[in-house]
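Report on the structure given below.
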Number of protein chains: 2
Amino acid sequence: MIFIGSSGYDDHRPQAKVRPRRPPETPALPSQDLPDTLCPIARSTSRVGDKWSLLIIRELFMGVSRFQDLLAQTGATPQLLTARLKQLQADGLIERRAYSERPLRFEYRLTAMGLDLMPIILAFRAWGETWCKTPEEGVAVRMFHNSCRTELELDGRCPTCGVTVPWTETHGLPNPAYLEERMQRAAAAARSVSEP
Amino acid sequence: MIFIGSSGYDDHRPQAKVRPRRPPETPALPSQDLPDTLCPIARSTSRVGDKWSLLIIRELFMGVSRFQDLLAQTGATPQLLTARLKQLQADGLIERRAYSERPLRFEYRLTAMGLDLMPIILAFRAWGETWCKTPEEGVAVRMFHNSCRTELELDGRCPTCGVTVPWTETHGLPNPAYLEERMQRAAAAARSVSEP
DNA sequence: ATTGATACTATGATTTTCATAGGGTCAAGC
DNA sequence: GCTTGACCCTATGAAAATCATAGTATCAAT
């Protein structure tokens with residue numbers, strides 16, 4: 001499992017055995033119209049202002065990019081996940097790529113527009129850690145400044161360097177309990193497929 | 001109209017003519033359970049991870065605090081607004097206060113927990129301004145560093161001071177077109193009440 | 001007695017989401 | 001070639017949320 005940070009978006013999983021030769025299938029959905037307002041918050045929340053999209057984006061940032069894995073880790077239903085992925089793709093936030101030609105298999109990855117959602121995810125993280133946690137639960141993913149290895153504050157400040165560190169210069173380390181929770185979810189999903 | 005920033009949360013509107021003597025009515029809804037995960041993003045989006053809650057919170061930050069005004073500026077239906085306000089109150093994000101006793105009138109204000117949502121709102125703002133705008137539309141609300149009066153970058157950095165400025169040390173100045181749009185919405189809502 | 005402002009509630013239609021089940025394709029193993 | 005399993009979804013009908021529209025209740029001011 002890969003976690004938040006610039007290096008965290010590299011893919012360590014085995015790549016396609018056969019390299020793609022034709023361009024990936026692109027259903028070309030029309031991008032939904034933006035709301036009729038100049039407010040940037042109304043516009044952005046019309047794109048990603050719902051729980052499922054945000055959870056999907058969280059997973060994509062964590063390096064989870066396949067349909068079954070997104071299902072397991074978000075808890076969404078297949079139709080919901082399909083619909084959201086199509087919409088996110090139509091809006092230009094993610095792209096759907098074949099990572100294998102035979103058999104044909106797809107993965108979803110954040111585009112530049114999607115990667116730029118990281119501050120939103122981090123803002124939700126900071127608020128959730130501050131207001132939705134007991135102290136003994138601990139931080140789900142600890143984040144560190146790449147250059148000095150100091151653990152960052154929830155607002156992204158480095159106590160050593162005294163500056164707000166861009167997320168591309170950070171790396172994350174998951175809490176063992178959180179890692180365990182995620183593995184449980186993956187295992188449960190795998191079980192429910194094999195034994196209905 | 002008041003805008004984002006520390007001073008922006010002061011209320012310049014005429015205050016209650018009669019000061020409240022009994023404590024405000026508090027319906028005491030049960031706060032919805034948090035999802036069964038350590039993930040702070042899942043927890044926070046279960047509280048405020050929907051378009052309507054985010055738009056309501058945006059308005060509260062802009063100093064809009066009354067039911068009819070929230071209706072007009074968010075475009076929500078009355079039931080939806082009622083439901084969201086009750087939930088936000090039950091979750092401790094806002095409080096419902098009588099600003100007048102006779103007639104009994106209420107307003108909604110952000111608590112400390114709610115005020116701490118500002119980074120989320122600002123992250124949506126930055127993304128929306130970057131990815132959901134044409135250059136000629138311009139920024140809806142320009143933000144400035146209180147101490148040096150410099151206009152801030154979308155990520156909150158002050159070009160003069162070279163630091164990321166906490167939002168409590170900023171003030172906002174709305175784009176005239178955006179101001180006009182908001183006044184239009186308020187006027188349209190007032191019209192639809194008087195002449196059905 | 002009427003008008004207007006404020007803060008909602010009611011109702012029935014429409015849309016979205018949910019739980020559960022199933023379908024289609026291909027690789028690998030026997 | 002037949003089965004098993006992995007992967008990526010699609011189908012269906014029930015339940016819940018949301019929508020547009022209309023209406024209620026209280027009180028002040030006129």
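Just the heavy atoms: all of them, side chains too, but no hydrogens, waters or symmetry mates, feed the values below.
Only one option out of A:Glu181, A:Glu180, A:Arg182 pairs with A:Tyr178 in a side-chain hydrogen bond (donor to acceptor under 3.5 Å, both in side chains); it is A:Arg182. Of the candidates B:Asp116, B:Asp91, B:Leu117, A:Trp131 forms a side-chain contact (heavy atoms from CB on, under 4.5 Å) with just one, namely B:Asp116.
For A:Phe67, the listed nucleotide lying nearest its side chain is D:dC9; candidates were D:dC9, D:dC7, C:dC26.
Between the CD atom of B:Gln89 and the P atom of C:dA7 there is a distance of 14 Å, rounded to whole Å. Nucleotide D:dC27 holds its C1' atom 13 Å from the CZ atom of B:Phe106, rounded to whole Å. Whole-Å rounding puts the B:Gln68 CD to C:dT6 C1' distance at 6 Å. Here the P atom of nucleotide C:dA7 and the CG atom of B:Leu85 are 11 Å apart, to the nearest Å. Between the CD atom of A:Glu101 and the C1' atom of C:dA27 there is a distance of 15 Å, rounded to whole Å. Here D:dC8 presents its P atom at 15 Å from CD1 of A:Ile56, a figure rounded to the nearest Å. Computed from coordinates, the A:Leu71 CG to C:dG22 C1' distance equals 15 Å when rounded to whole Å. Taking atom CG of A:Asp69 as the reference point, atom C1' of D:dC8 lies 12 Å away to the nearest angstrom.
Contact annotation: A:Arg102 reaches the phosphate of C:dA27 (side-chain N/O to OP1 or OP2, under 4.0 Å). For A:Tyr108 and D:dC9, the shortest distance from a side-chain N or O to OP1 or OP2 is below 4.0 Å. Contact check, B:Arg66 against C:dC8: no side-chain N or O comes under 4.0 Å of OP1 or OP2.
Contact annotation: the side chain of A:Glu137 approaches that of B:Arg43 to within less than 4.5 Å [non-hydrogen atoms, C-beta and beyond].
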Q: Starting at the 5' end of nucleotides 13-20 of chain C, put B wherever the base has a protein heavy atom under 4.0 Å, S where only the sugar-phosphate does, and a dash everywhere else.
A: ----SBBB
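Between A:Glu107 and A:Arg97 a salt bridge is recorded (basic side-chain N to carboxylate O distance below 4.0 Å).
Panel note: side chain B:Thr111, backbone B:Gly92; a donor-acceptor pair is recorded below 3.5 Å.
Once rounded to the nearest 0.5 Å, the distance linking CG of A:Leu93 with CZ of A:Arg84 reads 12.5 Å.
Taking every heavy atom of both residues into account, B:Thr45 and A:Lys51 meet most closely at OG1-CG, 3.8 Å.
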